[in-house]
Amino acid sequence: MARKNNSSDFLKQGGILAIASLVVRFIGLIYRIPMSNILGEEGNGIYAVAFEIYDLVLIISSYSLPLAMSKIISAQIAKKEYKNSSQTLRVGLIFSTISGIVFGGGLFIGASLIEEHIYPEYVGVHIPLRVLAPTIAIVAFLGVFRGYFQGRKTMMPTAISQVIEQVVNAIVSVLASWLFMKWSMGNFHQAAIGAAGGTLGTCLGAASALLMLLFIYSIYRPIKKKRERADVTGKVDSTGYLFKVLLLTIFPVILSQTVYNISGLIDFKLFGYFSAQNGVDPVEIKSMVGVYSSKYRVLCSVPIALSTALASSMIPTAVAAYTRGDIKELKDSIAAVVKMNMIIAFPCAVGYSVLGQPVVKMLFSSNYILGGRMLIAGSAAIVFYALSNVTGGALQSVDKMSIPVINSAISLAVHIGIVIACLKLTPMGIYALLVGNITFPMVVYILNMIAIRRYIPGYKQEITKTFIGPLAASLWMAAVTVVIYMLTGLVTGSNIIRTLIALVFAIASYFSILLILGAMTKEEIVRLPFGYRLYAVAKKCRLID
């Protein structure tokens, strides 16, 4: 019964993060549409490169703090070391202060050097980079508090802060982009100044989220003190020891995430270099990257974010199970997240492959033909990113932190070779980045699965309901979607109306067919947020017993 309750709580907490991520990505998608149209393709290209550089610095400085803090604190809570978990929080705050100042200041000072010596094809990128620099320090503190609460197996503070962060980000980004573009009209760096307006939202959004978490922590603090007084272990590790543990936990994650995320920066550099060698105009280079980043990557990031949230929610439960030696619960947790990821990833990938062009046309006012073709050609990446995220999290949960790093490094080497070959030997152009975006997570997933079977004895993923059921339901959904889109074309010529109607039928048909095929059980449905209501609707429609 305890194991069942743990699994239920784990899926509910994962569901909370998944819903929050869905809301966040939906808001992100909504605000990126007007912002993309305001900045234009050149501004979007500069914005994309600046954000890739910012993401890399963020990963090195503090991006891994939530995961690392969650991992350490969940293990301490499993041993009822409440005082020790508070000490870990203090050490995390010290670490975030140091890393925020060093890396945030370094990005601000070195922005011009980065543009001049590394990304000369993207003139003006130093402007949004300097606006992003203070965000490094803010996100460091934000990560510590999110990891602290996640380590205590409560995802609600993270979920609330993520939504607040994105709401503020959306409002400020759109407004500041418009104002900055207006104020800099006629300026040679107008596109870069507009992109800086977009990045201002990131900074103020993170600051708002941090204030919210500090408020939640102030409310929770009396409970924390009460648990510390009830701590019978009396264990409190030294600051130096915990600092060392934190570094040892963070370092492999930093390496893994750096290798994982640096592929985007390498792609932009390779595309810019080879395109310049072929005589492509710099504005055209930035514009192509703008389409790739503001349309293809933004739309693909929505389902990928859900998989990341589910993988993150798995780690505290998996770590606790591993700490207790409960291998069955560990395997059950991994299997449950893989299945839930496939239920999300397959319909998104298949749906984009048939409705990519209409969706991009509905959302964006320019270059929707190229953006739609990219989405159709590269949607398979969603499935492999979902699988690579979960398998990487599983390995981190069992203290095999270096394995995902090695696997990501191998995949990155393969990725670079494939992208260079496509750019140099074929006329694929920007589509070469799509090939790399699919092969990179695919290789990571294959290598991670080999390692999981080695280090988690007896782990075996169920195939039929995890993969075949969601894929079959997605293919039937695709057929229904295409038919509905074509039939509505006989009544109206509006792409927006046709696409929205097709999407409604796609969602309804997918989950109906999924339940008819028996790919989800009653127990799995009721463990989800609002699960009993979902089950009642499904039962009323006679889709499940």
Side-chain angles (χ1 to χ4, degrees), residues 10-11 13-22 24-25 55 58-59 63-64 66-68 70-71 146-147 150 155 158 162 252-264 297 299-319 330 333-349 378-398 400-401 403-412 415 436-452 456 459 461 466-467 470:
F10 150 67
L11 285 177
Q13 294 297 327
I16 289 170
L17 267 189
I19 290 173
S21 293
L22 181 60
V24 165
R25 289 297 171 175
D55 276 342
L58 193 65
I59 288 166
Y63 189 80
S64 57
L67 189 149
S70 171
K71 187 175 186 297
R146 282 176 174 169
Q150 288 174 23
M155 307 299 167
T158 295
Q162 284 178 341
V253 180
I254 289 175
L255 288 177
S256 177
Q257 291 295 323
T258 299
V259 173
Y260 218 82
N261 287 61
I262 202 173
S263 61
R297 292 187 70 180
L299 289 171
C300 285
S301 70
V302 177
I304 292 173
L306 297 182
S307 75
T308 303
L310 287 169
S312 297
S313 69
M314 170 191 71
I315 289 175
T317 298
V319 168
L330 172 64
S333 298
I334 298 170
V337 177
V338 171
K339 180 177 180 179
M340 192 58 63
N341 266 281
M342 293 303 95
I343 289 173
I344 295 170
F346 272 121
C348 291
S379 61
I382 294 170
V383 174
F384 292 113
Y385 270 110
L387 290 168
S388 62
N389 282 339
V390 176
T391 52
L395 289 168
Q396 291 164 4
S397 300
V398 296
K400 299 301 177 184
M401 308 292 284
I403 300 299
V405 179
I406 297 170
N407 293 344
S408 296
I410 294 171
S411 182
L412 180 62
H415 169 89
N437 199 49
I438 294 172
T439 56
F440 178 75
M442 180 173 65
V443 175
V444 171
Y445 164 63
I446 292 171
L447 295 176
N448 283 352
M449 276 305 301
I450 293 172
I452 284 175
I456 304 179
Y459 174 79
Q461 185 69 44
T466 301
F467 298 101

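FYI, the numbering just counts along the sequence from 1.
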Asks: Parallel, tilted or perpendicular for Phe467 and Phe346, by the 30°/60° rule?
Replies: perpendicular
Asks: To the closest 0.5 Å, what do you measure between CE (Met442) and OG (Ser411)?
Replies: 8.5 Å
Asks: Are the side chains of Lys400 and Ile452 in contact, using a 4.5 Å heavy-atom criterion?
Replies: no
Asks: I'd like to know if the side chain of Thr439 and the backbone of His415 have a donor-acceptor N/O pair within less than 3.5 Å.
Replies: no
Asks: In the structure I gave you, are the side-chain heavy atoms of Asn437 and Tyr385 within less than 4.5 Å of one another anywhere?
Replies: yes
Asks: Look at the side chain of Ser408 and the backbone N and O of Val405, then say whether any donor-acceptor pair between them is shorter than 3.5 Å.
Replies: no
Asks: Drop me the distance from Asn389's CG to Ile304's CD1, to the nearest 0.5 angstrom.
Replies: 7.5 Å
Asks: Taking atom CG of Asp55 and atom CD1 of Ile59, what is their separation to the nearest 0.5 Å?
Replies: 6.0 Å
Asks: First locate atom CD1 of Ile456, then atom OG1 of Thr391, and finally report the distance between them rounded to the nearest 0.5 Å.
Replies: 10.0 Å
Asks: Rounded to the nearest 0.5 Å, how far apart are SG of Cys300 and CD1 of Ile382?
Replies: 4.0 Å
Asks: Ala386 and Asn341: which non-hydrogen atoms are nearest, and at how many Å?
Replies: CB-OD1, 3.7 Å
Asks: Enter the distance from Ile450:CD1 to Ile403:CD1 here, rounded to the nearest 0.5 Å.
Replies: 11.5 Å
Asks: Check whether any side-chain heavy atom of Val390 sits under 4.5 Å from a side-chain heavy atom of Tyr445, and report yes or no.
Replies: no
